[in-house]
Amino acid sequence: TFLVLIDQEGGRVQRLRPPLGRALPPSAAYGEIHVSDPERGLATAQRIARLLAGDLRDLGIDTDCAPVLDLPVPGAHAIIGDRAFAGEPDRVAALGRAFADGLMWGGVLPVLKHIPGHGRANADSHLVLPVVTTPHAELSRTDFAPFKALAGLPAAMTAHVVFADVDAHLPASVSGTVHDRIIRGEIGFDGLLMSDDLNMQALSGSLAARTEAVIRAGSDLALHCNGNLA
C-alpha cells in the first residue's frame with residue numbers, strides 16, 4: 001500500500017483546481033461562520049471536507065495534508081493567514097476535527113499541520129528559517145493546544161520553525177528535543193509523523209543530510225515534494 005499525498009486545503013493552497021477538483025474556500029471561512037453559528041460552522045467544514053475527499057479518491061489520492069491547526073497572531077508572517085481556521089485554540093481544534101472527520105468519512109487520511117505550530121512564524125519557511133521566541137508556557141496555552149486536542153488523529157506534519165525556548169538551534173522538523181519533549185511528549189501525538197517539504201529553504205545542507213536529520217529527530221517520513229527529480 002502506498003500513500004498518495006496532496007496539499008488540498010482550499011483557498012490559496014489547493015493543488016487541484018477546476019476541472020480536476022472543486023473550488024474550495026480557505027479554512028478561515030469556516031471560522032467566520034463558526035463565530036455566529038458554531039453548529040453550522042462545524043457542519044460546513046465537515047461536509048465540504050467529505051466532498052473534497054470524494055474528489056481526491058476519484059483521482060486515486062488517499063492522503064490530504066490538511067487540516068491546518070496553526071494559530072495566527074498579529075504581526076506574524078502572512079504565509080499562514082487565512083489558511084488557519086481562527087485565532088482561538090478551541091475554535092481551531094473544533095473545526096480541525098470536523099474537517100478531519102469529513103476527510104476520513106470520505107476515505108482520505110488527514111494530516112495535521114504544522115505541528116507544533118507555524119502561526120507565530122515571523123518568516124515564510126519556504127524561503128528562510130523562522131524563529132519563534134515566545135515562552136514555552138505561552139506556546140503550551142495557545143499554539144500547542146489544538147494539536148494536543150487532536151493528538152489522537154493518525155498523521156501529522158512538522159514545522160520548519162525554531163522554538164527558541166525549547167531548542168534554540170534547530171527547527172522543530174529536525175529537533176530531537178522538540179520531537180521528544182513537545183510532539184511526542186507534551187502534545188502526546190504518537191501517530192505517523194512526517195516533515196514538511198525537504199526542499200524548503202528553512203533547512204540547510206544536502207538533501208541527504210536533511211533527510212537523515214528528519215528521521216534522526218524522530219519522524220517517520222521525510223517528504224520530497226518538489227525540486228529536481230533526478
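Computed from a predicted structure; not experimentally measured. Start at 1 with the first residue, then count along the sequence.
By the 4.5 Å heavy-atom criterion applied to side chains, Q8 and I61 are not counted as neighbours. Counting only heavy atoms from C-beta outward, the side chains of R120 and T142 approach each other to under 4.5 Å. At least one side-chain heavy atom of L203 sits less than 4.5 Å from a side-chain heavy atom of L198. Under the 4.5 Å side-chain criterion, counting only non-hydrogen atoms from C-beta, L223 is not in contact with D197. Residues H136 and R181 are in side-chain contact: their nearest non-hydrogen atoms beyond the backbone lie under 4.5 Å apart. Side-chain contact between N122 and V132 is absent, with no heavy-atom pair separated by less than 4.5 Å. With contacts defined as side-chain heavy-atom distances shorter than 4.5 Å, the pair S27/L95 does not qualify. You'll find the side chain of P171 stays beyond 4.5 Å of the side chain of V161, heavy atoms only.
Minimum interatomic distance between V174 and A213 (heavy atoms only, all atoms of both residues): CG1-CB, 3.7 Å.
Annotation: R47, atom CZ; neighbour count of heavy atoms from other residues, nucleotides and ligands within 6.0 Å does not exceed 12.
Applying the side chain to side chain contact (heavy atoms under 4.5 Å, CB included) test between T158 and each of S195, P116, S175 identifies S195 as the sole match.
H34 and E88 are not linked by any side-chain donor-acceptor pair at a separation below 3.5 angstrom, with hydrogens and angles left out of the test.
Between atom SG of residue C225 and atom CD1 of residue I6 there is a gap of 11.5 Å, rounded to the nearest 0.5 Å. Atom OG1 of T63 sits about 4.0 Å away from atom CG of L3, to the nearest 0.5 Å.
Using a cut-off of 4.0 Å between Lys/Arg side-chain N and Asp/Glu carboxylate O, D55 and R22 are scored as salt-bridged. Using a 4.0 Å cut-off between charged side-chain N and carboxylate O, K113 and D196 make no salt bridge. The residues D220 and R184 are annotated as salt-bridged, a charged nitrogen and a carboxylate oxygen being separated by less than 4.0 angstrom.
The aromatic rings of F144 and F163 stand perpendicular to each other, their planes meeting at an angle above 60°, with 30° marking the opposite boundary.
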